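Comments concern the structure below.
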Amino acid sequence: MSKLRAAIKGVGAFVPEKVLTNADLEKMVDTSDEWITSRTGIKERHICPPDKPTSYMAAKAVEDLMQKSGLTPDDIDVLICATVTPDTVFPDTANTILHTINAKNGFGFDINAACSGFLYALTVGSKFIETGTYNNVVVVGADKMSSIIDYTDRATCIIFGDGAGAVLLGSTTSGNGVIDSILRGDGAGREFLHMKAGGSAKPANHETVDNKEHFVYQDGKPVFKAAVNGMISTVNEVLERNGLSTKDLDWLVPHQANMRIISSVGDTLDIPKEKIMINIHKYGNTTAGTLPLCLNDYEKQLKKGDKVVLTAFGGGFTWGSVYLIWDY
Ligand code: UT7
């Protein structure tokens, strides 16, 4: 019997019905389907109704997870929600999700690590399981990016979309499950990707609204470069630490920020495209939602014993890689 580890026992997801295509964006800003497709690989993204918050999508993803896995709301011990678009500054979104799904026996909290949020939350959630004190931990990645995007800024509005994914963590002694995690952060990167106002550093006022300081600001080029380097280095590091090479991997699950970033990471690591989960064309960059949305889309192709590395990079900067062995 191997040591007690956390394993993913189920996956659920939700994306809103409304689709924003590249053709739609051509009518909104000075861009083209050709530019967006060739520079990012994105064809369309889903947009949440203005009156529905992030917790709405997250609760739907958790309900999908519960329906597929047989989990009931009262089985949930801990719910961790990774998001940069919480419903409100406080209370946290995880609490609202638990209330929405009528879960009464657990507690929850949010993690803000931008596009790496799901990796951070997955790692933290795994530790709860490894203590042996908690049986069912739900890890959600959810973002309503449309609520913080300036749809007159062609540099950002073409990239992001809305969506949510959730996984259930339970315990296993099979030798499978979450094996290792390497997470990194460097606050020096915050100048390249951030929201200027709305926090304690610059509270909202008329001027911040007039200056459009409540939207995502991104200087794309340095972020692109750091994303490629950060993902490659932590994938290599987590594999080496576990005596593996990229040839041993069955799946790479990369954050879906830009198809060119994904290709560059895959090519450098010499991982064939068939082993890389890709759905950026359908959803764009859903920030904390990309990794669980990938797991959900590829769930039927995953087999027990598959060696999987998830990797992400995002605002902060934050980045990292998690190595796990699929357990169902
Ligand atoms: O998920 C969190 C982490 N985020 C990322 O990983 C994102 C990383 N960055 C990127 O994915 C890319 O940098 C972008 C997709 C954001 C931008 O692509 P790029 O190849 O770096 O383009 P650029 O910003 O250097 O712009 C190249 C040209 C510029 O025109 P000039 O100055 O060469 O005349 C831009 O004005 O493309 C122009 N441009 C556009 N043209 C048509 C920028 N956005 C658009 C647009 N449509 N939407």
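Note that ligands are numbered from 1 as they come in the structure, with each ligand's atoms numbered from 1 the same way. Small disclaimer: the values here were computed from a predicted structure and weren't measured. Computed from heavy atoms alone, side chains included, the values below leave out hydrogens, waters and symmetry copies.
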query: Which ligand 1 atoms, with their elements, are less than 4.0 angstrom from a heavy-atom of Asn258?
result: 10 (C), 11 (O), 12 (C), 15 (C)
- request: Check each of Thr40, Thr31, Ile36 against atom 47 (N) of ligand 1 and report the one with the nearest heavy atom.
  value: Thr31
- request: Tell me which part of Phe224 gets within contact of ligand 1: side chain, backbone, both or neither, using heavy atoms under 4.0 Å.
  value: both
field: Other ILVMFWY residues reachable from Tyr217 by side-chain steps of under 4.5 Å
entry: none
query: Can a protein heavy atom be found under 4.0 Å away from atom 32 (O) of ligand 1?
result: no
field: Best match, Arg39, Glu26, Met145, Glu34: closest heavy atom to atom 20 (O) of ligand 1
entry: Arg39
- line: Out of Arg154, Gln218, Gln256, the nearest non-hydrogen contact to atom 4 (N) of ligand 1 is supplied by Gln218
message: When you compare the side chain of Val253 with that of Leu295, does any pair of heavy atoms fall below 4.5 Å?
response: yes
- prompt: From Met66 CE over to Asn136 CG, what is the distance, rounded to the nearest 0.5 angstrom?
  reply: 11.5 Å
message: Using a 4.0 Å cut-off to any heavy atom of Ala257, which atoms of ligand 1 qualify?
response: 1 (O), 5 (C), 6 (O)
Closer than 4.0 Å: a protein non-hydrogen atom to atom 24 (O) of ligand 1: no
Sub-4.0 Å protein heavy atom near atom 44 (N) of ligand 1: yes
From the candidates Ser32, Gly220, Gly314, the one that places a heavy atom nearest atom 9 (N) of ligand 1: Gly220
message: Could you tell me if the side chain of Val29 sits less than 4.5 Å from the side chain of Tyr151, heavy atoms only?
response: no
- prompt: For atom 1 (O) of ligand 1, is some protein heavy-atom partner under 4.0 Å away?
  reply: yes
message: Regarding ligand 1, does Arg260 bring an N or O atom to under 3.5 Å of one of the ligand's N or O atoms?
response: yes
- prompt: So, do Leu169 and Val138 sit near enough that their side-chain heavy atoms are less than 4.5 Å apart?
  reply: no
- prompt: Of all the atoms in ligand 1, which lie at a distance below 4.0 Å from a heavy atom belonging to Ile158?
  reply: 48 (N)
query: Is the NZ or CZ atom of Lys221 positioned over Phe224's six-membered ring, under 6.0 angstrom from the centre and within 45° of the axis?
result: no
message: What I'd like to find out is whether the side chain of Asn22 reaches to under 4.5 Å of the side chain of Lys43, using heavy atoms alone.
response: yes
query: What protein heavy atom sits nearest atom 26 (O) of ligand 1, and how far away is it?
result: Trp35 CZ2, 4.4 Å
Pair listing, side-chain hydrogen bond (donor to acceptor under 3.5 Å, both in side chains) test, anchored in residues 156-185, at least two apart: Thr123-Ser181, Ser146-Asp162, Asp153-Thr156, Thr172-Ser174, Thr172-Asp327, Ser174-Asp327, Asn176-Asp327, Asp180-Arg241, Asp180-Asn242, Arg184-Glu237
message: Is the shortest side-chain heavy-atom distance between Phe118 and Val139 below 4.5 Å?
response: yes
- line: Atoms of ligand 1 under 4.0 Å from any heavy atom of Lys221, numbered from 1 in the order shown, are 13 (O), 19 (P), 20 (O), 21 (O), 23 (P), 25 (O)
message: Regarding Asn279 and Asp297, do their side chains bring together a donor and an acceptor under 3.5 Å, going by distance alone?
response: yes
query: For the residue pair His255 and Phe313, is the inter-centroid distance of their aromatic rings smaller than 6.0 Å?
result: no
- line: Numbered in order shown, the ligand 1 atoms found under 4.0 Å of a heavy atom of Ile261 are 6 (O), 8 (C)
- request: Give the numbers and elements of all ligand 1 atoms closer than 4.0 Å to a heavy atom of Asn285.
  value: 1 (O), 2 (C)
query: Which of the numbered atoms in ligand 1 are below 4.0 angstrom from a heavy atom of His255?
result: 1 (O), 2 (C)
- prompt: For the rings on Trp319 and Phe317, is their centre-to-centre separation under 6.0 Å?
  reply: no
query: Taking only heavy atoms of Ile159, which atoms of ligand 1 are found under 4.0 Å from at least one of them?
result: 16 (C)
task: Please report which non-hydrogen protein atom sits nearest to atom 5 (C) of ligand 1, along with the residue it belongs to and the distance in Å to one decimal place.
output: Val223 CG1, 3.6 Å
